[in-house]
Amino acid sequence: MASKYLKLTRSFVRKTMVGEKIVEHGICFERLRDGDGRYSVNIMVDRQRIHRVIGKESEGVTRKQAEDFIENARADARNDRLNLPKGRKLSLGFREAAKKYLTQLGEEGGKDIPKKNERFNFHLIPFFAEKPLIKISTFDIERYKKNRLSEDAANGTIYRELAVLSHLFNKAVEWKWINHKPLVIKRLKEDTGRITYLTTEQIYRLIEFAKKDQNQFVYPFIVTRQSRVLSDLT
C-alpha cells in the first residue's frame with residue numbers, strides 16, 4: 001500500500017493503552033481490555049461500506065494483513081468493473097437501479113407500475129440499499145426471504161416481490177446495465193388459499209340470476225363454468 005502512516009506506526013501501537021484506538025487510512029488498531037491488540041478495517045469500495053475485523057496481535061496479525069485485505073477488496077472491485085458494460089466505470093447500486101428500472105419501465109408502457117413501486121420502496125430497496133447490482137448473490141436472496149418471513153409476510157407476497165426483482169435483473173441485462181444476470185432466484189411457492197364450493201341450491205340460484213343480468217355474456221359464462229358440475233348432479 002502506498003499510503004504513508006503517521007499515527008499507525010509500530011512505536012505508536014506499542015504505546016496504546018487499554019480502550020485506546022488509532023485510526024488511519026481505513027485501518028483501526030484497538031487495545032483490548034486483556035491487553036491484546038485488534039486490527040480492523042472500515043472502508044468504502046465502489047460505494048459499498050466494508051467493515052471487517054482482521055484479527056488480533058496474539059494471532060500474529062499486523063498492519064500488513066489489514067493493508068493486504070484493503071488491496072484485495074479494491075482489486076476485486078476493479079475486476080468487477082472490467083466486466084461492466086462498455087462505458088460504465090462504477091457498478092450500479094441497487095437503489096439507483098430500482099429507480100431507473102421503474103422510470104424506464106413506465107416509459108416503455110410497463111404494467112403494474114404502482115405495485116412494483118410499492119414492493120421496491122417498502123421492502124426491496126430498504127433491504128438491498130446501495131449494494132452493487134452485480135454483487136447481489138443467491139445467499140442475499142435467501143437472507144431476504146428469511147427476513148420477510150420473520151415479518152410474517154405470506155409466501156405469495158414474497159413470491160411477487162422476488163418476481164419483480166427477477167424482472168429487474170432481466171431488464172438490466174436487456175438495457176445493458178450489466179453483462180449477465182449474476183444469480184438464480186428461487187421463489188417460494190404461493191399459498192393455495194381457501195377453496196369454497198357452492199351447494200347445489202346455490203348453483204341453480206346463480207344460474208337464475210345470471211339469466212336476468214344485463215350483461216348478455218354473464219349467463220353463457222356461468223353455464224359453461226358449471227356445466228361439468230351440473231352433469232354430475234343429474
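Atoms CD1 and CG, on I136 and L124 in that order, are 9.0 Å from each other to the nearest 0.5 Å. Rounded to the nearest 0.5 Å, atoms CG (L162) and NE2 (H167) are 14.5 Å apart. A distance of 5.0 Å separates NZ in K100 from CH2 in W177, rounded to the nearest 0.5 Å. Distance check: F169 CZ to L133 CG gives 4.5 Å after rounding to the nearest 0.5 Å. Of the inter-residue distances, the one linking K7 atom NZ with I22 atom CD1 reads 8.0 Å to the nearest 0.5 angstrom.
Side chain of H25 to backbone of K4: a donor-acceptor contact under 3.5 angstrom is found. A donor-acceptor contact shorter than 3.5 Å links the side chain of S150 to the backbone of N147. In this structure a side-chain-to-backbone donor-acceptor pair under 3.5 Å is missing from K181 to I134. For E30 (side chain) and K21 (main-chain N/O), no donor-acceptor pair under 3.5 Å exists by modelled atom type.
The side chain to side chain contact (heavy atoms under 4.5 Å, CB included) check on S137 picks up F139, D140, with sequence neighbours excluded. Residues forming a side-chain hydrogen bond (donor to acceptor under 3.5 Å, both in side chains) with K99 (at least two apart in sequence, or on another chain): N121. Applying the salt bridge (Lys or Arg N to Asp or Glu O under 4.0 Å) rule to K15 yields no partners; only residues at least two apart in sequence or on another chain are considered. In this structure, the side-chain hydrogen bond (donor to acceptor under 3.5 Å, both in side chains) partners of E142, at least two apart in sequence or on a different chain, are K145. Residues passing the side chain to side chain contact (heavy atoms under 4.5 Å, CB included) test with N72, sequence neighbours excluded: none. For K211, the side chain to side chain contact (heavy atoms under 4.5 Å, CB included) partners are I207, E208, Y219, not counting sequence neighbours. With sequence neighbours excluded, the residues satisfying side chain to side chain contact (heavy atoms under 4.5 Å, CB included) with I113 are L105. Among residues two or more places apart in sequence or in another chain, the salt bridge (Lys or Arg N to Asp or Glu O under 4.0 Å) test is passed with R95 by E130. With sequence neighbours excluded, the residues satisfying salt bridge (Lys or Arg N to Asp or Glu O under 4.0 Å) with K171 are E108, E174. Scored by the salt bridge (Lys or Arg N to Asp or Glu O under 4.0 Å) test, E57 finds R31 as partners (sequence neighbours excluded).
In plain terms, the two heavy atoms of T62 and Q65 that are nearest each other are N-OE1, 2.6 Å. The shortest non-hydrogen separation linking I27 to Y39 is CG2-CD2, 4.1 Å. Nearest heavy-atom pair across E20 and M17 is OE1-N, 2.8 Å. Taking each heavy atom of V45 and I43 in turn, the nearest pair found is CG2-CD1, 3.6 Å.
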Open item on the list: salt bridge (Lys or Arg N to Asp or Glu O under 4.0 Å), that's the test. Do R160 and D112 meet it? Break it down for me.
Closed with: CA-CA 12 Å; R160 285 181 281 278; D112 202 24; over 6 Å; no
- [ ] Apply side chain to side chain contact (heavy atoms under 4.5 Å, CB included) to F29 and R63, showing your working.
- [x] CA-CA 8 Å; F29 177 83; R63 190 187 73 194; over 6 Å; no
TODO: Walk me through it: do I141 and V184 pass the test side chain to side chain contact (heavy atoms under 4.5 Å, CB included)?
DONE: CA-CA 9 Å; I141 301 301; V184 175; over 6 Å; no
Task: From CA spacing to verdict: salt bridge (Lys or Arg N to Asp or Glu O under 4.0 Å), K64, E67 - done: CA-CA 5 Å; K64 180 64 167 58; E67 291 175 332; 5.6 Å; no
- [ ] Walk me through it: do I178 and L92 pass the test side chain to side chain contact (heavy atoms under 4.5 Å, CB included)?
- [x] CA-CA 8 Å; I178 55 178; L92 187 65; 5.7 Å; no
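Hydrophobic clustering of Ile, Leu, Val, Met, Phe, Trp and Tyr side chains at less than 4.5 Å, counting indirect connections, keeps V23 apart from L8. Put simply, L32 and F12 are part of two different groups of oily side chains (I, L, V, M, F, W, Y) that touch within less than 4.5 Å, one to the next.
No hydrogens or angles considered: nothing links the side chains of T138 and K186 as a donor-acceptor pair under 3.5 Å.
You'll find the side chain of I185 reaches within 4.5 Å of the side chain of L183, heavy atoms only.
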Side chains of residues 49-56: which donor-acceptor pairs under 3.5 Å do they make with residues two or more places apart or in other chains?
residue, atom, partner, partner atom, Å
R49, NH1, N42, OD1, 3.0

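Counting only residues at least two apart or on different chains, the ring pair (Phe, Tyr, Trp, His ring centres under 6.0 Å) pairs with a member in residues 107-129 are F94-F128, Y101-F120, F127-Y144, F128-Y144.
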